[in-house]
Structure formats: C-alpha cells, structure tokens
Undergrad: 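I have a structure I would like to understand better, so I am pasting it below and will then ask my questions one at a time.
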Amino acid sequence: MKYWLVKTEPESYSIDDLVRDRKTEWTAVRNYQARNFLKEMAIGDLVLFYHSNAEPTGVVGIAEVSRTAQPDPTQFDSKSEYFDPKATKDAPRWFCPTLKFIEKFKGVIVLDKLRTINGLEGMILLKKGSRLSVQPVSAGEYRILLKLATLT
DNA sequence: GCCAACGTTGGC
DNA sequence: GCCAACGTTGGC
C-alpha cells in the first residue's frame, strides 16, 4: 500500500465538501507528473488531504482511494473550464481516481509546523517552489503526520 | 494582490 | 531541440 498527498484549494473543494459527499472523483488535475501519480494510485491507498491557498494552509485530514483512475470526464466537456480539445475518448489524457472520506483532523497541521518536524524534511510539499498537487508520501512521513494529527 | 518558481507552448 | 513568452500555482 502506498501513501499520497493531494492539494486542493478549499474554496473549490474542501475537506468539509468531502465529509458531505463521502467520496468524490478527483478530477481537473492538469499536470502530467501529477496525473502519473493519480494513475499509480491503488484501492486502499491512503491520501493526506491538504488545503492550499487557505487560512490556515496545511494538512486537514485523510482520504482513501476507493476506485482506481478513470478517464476524467471534464476533459471531454466543451463547457468545462477543464476541457481539453486534444483529448479523445480513445486516447484520454487526464485521469481521476475516486477518493473516499476517512477522517477530518481536529485541527489543521499547518505548513509552518511541518517545516519544523524531524523526518519530514524530504517531503516534496516542503521543497522550495514545489507546486506538484499530487505527490507520494513515504510510510515514515505518513506515520509522523498521523502522530501530529493526534497532538493537534 | 504580489510575485517567485514552475510548467507549457510554439516559433524558429 | 532550444528557449522566450506566457500562464499557473501557491505562499505570503
């Protein structure tokens, strides 16, 4: 089993939206590296849920992969802002797994806090200039995050 | 709202 | 295949 982190702007889709929906198709990712990670996700993988461009910004909960990546329907929808004219049904470009709600942390593990924790310095999230919105997390990093969540 | 750091596009 | 120009991300 693998561990991941996905970023989302809570104004567009927050952990509370996931609480309400219980599960959601993780659509609209339009970056090739992020897409490749989405395609690697397997059922049962655990996903840290991160709020970017938020107050406060940080990790807010956990989701689980409940369906592997399927063609992202928004790429075929000419009315969608995520429409991709170069994508075809035979050769889709973009994919979305389904994520289901597991847990909302009592508090936010804020970005500044993460930067101070021994063992997290290798996280892609913390690398200067990193914008990758879907990224792998090591088992050790995940364990540290869970511990922090219980302390928050 | 600013802007640094990235990623993508397209002319050559 | 290079790289300038442009668009986007995301912390602050």
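Numbers restart at 1 for each chain; the letters A, B, ... are given by sequence-line order, proteins then strands. Only this structure's heavy atoms are used, side chains among them; waters, hydrogens and symmetry mates stay out.
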Undergrad: Side chain of A:Arg131 only, please: which of C:dG10, C:dG11, B:dC6 is the nearest?
TA: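 My answer, after comparing the listed nucleotides, is B:dC6.
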Undergrad: A:Val134 and A:Ile124: same hydrophobic cluster, using ILVMFWY side-chain contacts below 4.5 Å?
TA: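 Yes.
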Undergrad: May I have the distance from A:Tyr82 (atom OH) to C:dT9 (atom C1'), rounded to whole angstrom?
TA: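 So the OH-C1' distance, A:Tyr82 to C:dT9, works out to 12 Å.
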Undergrad: Whole angstrom is fine here: how far is it from CD in A:Gln33 over to C1' in C:dT9?
TA: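 In whole Å, C:dT9 C1' lies 14 Å from A:Gln33 CD.
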Undergrad: Under 3.5 Å, is there a donor-acceptor pair between the side chain of A:His51 and the main chain of A:Ile15?
TA: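 Between the backbone of A:Ile15 and the side chain of A:His51 there is a qualifying donor-acceptor contact (under 3.5 Å).
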Undergrad: Between A:Trp26 and A:Phe37, is the ring centre distance below 6.0 Å?
TA: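 Ring-ring flag for A:Trp26/A:Phe37: false, centres at least 6.0 Å apart.
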Undergrad: Round to the nearest Å and state the distance from A:Leu126 atom CG to C:dG10 atom P.
TA: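 For the pair A:Leu126 CG and C:dG10 P, the rounded distance is 14 Å.
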Undergrad: Distance check: side-chain N/O of A:Tyr32 vs OP1/OP2 of B:dC6, anything under 4.0 Å?
TA: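 No, because none of the side-chain N or O atoms of A:Tyr32 sits under 4.0 Å from OP1 or OP2 of B:dC6.
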Undergrad: Is any side-chain nitrogen or oxygen of A:Lys7 closer than 4.0 Å to OP1 or OP2 of C:dT9?
TA: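 False: A:Lys7 side-chain N/O out of range (4.0 Å or more) of C:dT9 OP1/OP2.
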Undergrad: Quick check: A:Tyr142 with A:Trp4 (ring centres under 6.0 Å apart)?
TA: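 No; A:Tyr142 has its ring centre 6.0 Å or more from that of A:Trp4.
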Undergrad: Send over the distance from A:Tyr50 OH to C:dT9 P, rounded to a whole Å.
TA: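 Rounding to the nearest Å, OH of A:Tyr50 and P of C:dT9 are 15 Å apart.
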Undergrad: Assess whether one donor atom and one acceptor atom, taken from the side chain of A:Arg30 and the base of C:dT8, lie less than 3.5 Å apart.
TA: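 Result: no qualifying N/O pair found.
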Undergrad: Tell me the interatomic distance from A:Arg115, atom CZ, to C:dG11, atom C1', rounded to whole angstroms.
TA: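 For the pair A:Arg115 CZ and C:dG11 C1', the rounded distance is 8 Å.
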Undergrad: Which one, B:dG10, B:dG7, C:dG11, comes nearest to the side chain of A:Lys86?
TA: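 Nucleotide nearest to A:Lys86's side chain: B:dG10.
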Undergrad: So, OP1 or OP2 of B:dA4: does either fall under 4.0 Å of a side-chain N or O from A:Lys128?
TA: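 No.
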Undergrad: Rounded to whole angstrom units, what separation is found between the NZ atom of A:Lys127 and the C1' atom of C:dG11?
TA: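 To the nearest whole Å, that distance equals 17 Å.
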Undergrad: Between atom CG in A:Asn53 and atom C1' in C:dT8, what is the gap in whole Å?
TA: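 Result: 11 Å.
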Undergrad: Check the distance between C:dG7's C1' and A:Glu81's CD and give it to me in whole angstrom.
TA: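 Atom-to-atom, A:Glu81 to C:dG7, this comes out as 14 Å.
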Undergrad: Looking at A:Arg30, A:Lys89, A:Arg93, which one forms a salt bridge (charged side-chain N to carboxylate O under 4.0 Å, His left out) with A:Asp84?
TA: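 With A:Asp84 as partner, salt bridge (charged side-chain N to carboxylate O under 4.0 Å, His left out) holds for just one option, A:Arg93.
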